[in-house]
2 protein chains.
Amino acid sequence: MQLKELSEQSGVSAASIKYYLREGLLPPGAAVHATRAQYSAQHVERLDLIQALRRIVGLNIEQIRGILRMADDGASRLELLAAVQRVVLELDSYATVSGEVGTRPADAVVRLRGWPDSPSDARNALNAHLELMESVNIRVPGELLDTYSKAMDDVAGVDIAATTAPDSVDELILTAAVGMHMHSQLLLRLLALAQASHAIRRYEQDA
Amino acid sequence: MQLKELSEQSGVSAASIKYYLREGLLPPGAAVHATRAQYSAQHVERLDLIQALRRIVGLNIEQIRGILRMADDGASRLELLAAVQRVVLELDSYATVSGEVGTRPADAVVRLRGWPDSPSDARNALNAHLELMESVNIRVPGELLDTYSKAMDDVAGVDIAATTAPDSVDELILTAAVGMHMHSQLLLRLLALAQASHAIRRYEQDA
DNA sequence: GGCTTTAGGATAGAGCCACTATCCAATGCG
DNA sequence: CGCATTGGATAGTGGCTCTATCCTAAAGCC
């Protein structure tokens with residue numbers, strides 16, 4: 001198919017497709033001639049992925065480019081997962097907490113859960129965030145971290161098990177990124193509901 | 001104090017303060033004369049709040065204005081909490097899932113946890129989100145929802161207990177919004193770590 | 001009393017981002 | 001043969017949050 005049809009099938013305007021081509025998000029089609037190129041189903045899939053990462057997960061062009069480039073360079077599933085995580089976690093690194101990152105709390109969690117031991121970005125991000133929370137006086141008692149990590153362990157188990165056979169790299173990225181985002185939003189909504197409930201109980205009591 | 005000093009104390013540029021005044025985020029100072037106004041410590045506090053909501057929580061001007069207006073109109077703590085939740089939850093209502101909102105799953109959670117019964121925005125948001133997840137084929141088994149809600153129940157308990165005596169409305173908003181955001185980010189990081197761990201185990205096994 | 005500084009008001013511009021539109025020459029397709 | 005389409009280039013749009021400039025009037029200070 002050529003550009004116009006690709007646009008129709010993906011629901012992305014021809015102008016935007018050109019933009020993505022320029023930005024290196026979408027690989028160029030097979031150039032039949034100087035003024036004619038053929039696009040495939042993979043291009044449609046890629047466009048779907050780009051759309052999802054933009055509109056659902058909220059990544060920007062540069063972040064998407066980074067991930068896709070890795071995918072196209074034949075990165076492993078683990079590497080891709082790590083890349084997706086890096087980007088999603090840094091969505092708002094409002095303050096790059098630097099300084100000596102005490103690896104304590106995350107290590108404890110890892111030990112407690114019996115997770116494989118490897119000092120990852122995810123672990124650093126967790127430690128940095130815990131420091132940040134402490135610095136703004138939000139207490140995170142050990143038991144809470146325990147409860148949280150247990151819950152997350154359960155999700156991850158379900159998630160990874162479900163992600164058995166990703167047909168394509170694009171699909172792997174899609175499920176990883178969208179899944180993380182969806183679960184995170186789900187938790188946020190549950191937290192809101194829980195908070196509202198607790199607040200109601202408390203303030204009614206006061207009154 | 002006057003504008004310049006307010007700017008120095010809050011770390012917000014004079015131009016931005018003027019902008020916030022124009023946008024109705026910051027109440028005008030007490031006009032001593034046509035060309036002189038006095039600002040108070042409350043103005044500094046308000047600016048801190050605005051900064052936090054912008055930079056940490058990532059709200060836009062209109063969202064902040066809405067919350068602050070409620071606060072200044074003397075809304076109750078519950079109303080304010082609800083308003084904050086509404087805004088934070090809608091941060092990315094990528095798809096306003098409408099239609100007959102089956103109140104089933106959230107109701108079950110509420111019953112299970114023994115939360116006070118009131119059909120709230122939070123509950124609707126949860127139901128809508130669960131529908132959305134289902135529509136993109138992300139399974140959320142009942143046990144998972146159970147685990148999640150238990151964890152969130154624990155946090156909310158700690159949170160609300162800690163938020164005993166907010167000295168000012170601004171502080172209440174600050175702790176609510178920042179707290180929600182921080183916990184949500186914490187969970188996201190834990191999820192990332194858990195996923196990475198599970199993925200490592202799984203893929204190592206495969207290899 | 002004059003000089004500098006500041007307030008408030010208005011308006012315009014900057015900078016970023018993700019597009020979107022226009023123009024072009026070259027060329028394939030019917 | 002001629003219309004439509006392509007890749008390539010470039011410029012413009014719209015939303016958002018500031019930031020900068022200009023102005024007049026008045027206060028503070030010596």
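Chain naming here is simple, since letters A, B, ... match the order of the sequence lines and numbering starts at 1 in each. The basis for the numbers below is simple: all heavy atoms, side chains too, and nothing from hydrogens, waters or symmetry mates.
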Sugar-phosphate, base or nothing in reach of Glu23(A), heavy atoms under 4.0 Å: nothing
Interatomic distance where CG belongs to Leu21(A) and C1' belongs to dC19(C) [whole Å]: 14 Å
B/S/- contact track for nucleotides 16-30 of chain D, protein heavy atom under 4.0 Å: -BBB-----BSS---
Spacing between Glu5(A) atom CD and dA4(D) atom C1', to the nearest angstrom: 15 Å
Pairs involving residues 28-46 of chain B, ordered by first then second residue, that meet salt bridge (Lys or Arg N to Asp or Glu O under 4.0 Å) (sequence neighbours left out): Arg46(B)-Asp72(B), Arg46(B)-Asp170(B)
d(CG, Leu53(A); C1', dA18(C)) in whole Å: 15 Å
Between dG15(D) (C1') and Gln63(B) (CD): distance, integer Å: 14 Å
Presence of salt bridge, Asp73(A) and Arg69(A), under 4.0 angstrom: no
Rounded distance in Å - CG (Leu6(B)) to P (dA7(C)): 10 Å
Atom-pair distance (CE on Met1(A); P on dT5(D)), nearest Å: 16 Å
Donor-acceptor contact below 3.5 Å, side chain Gln63(B) vs main chain Asn60(B): yes
Any donor-acceptor N or O pair under 3.5 Å, side chains His43(B), Ser40(B): yes
Under 3.5 Å: donor-acceptor pair, side chain of Arg65(A), backbone of Gly24(A): no
Ser10(B) (side chain) donor-acceptor with Val44(B) (main chain) under 3.5 angstrom: no
Atom pair distance, as rounded to whole Å: CD1 in Ile17(A) and P in dC19(C): 12 Å
Interatomic distance where CG belongs to Leu3(A) and P belongs to dG28(C) [whole Å]: 17 Å
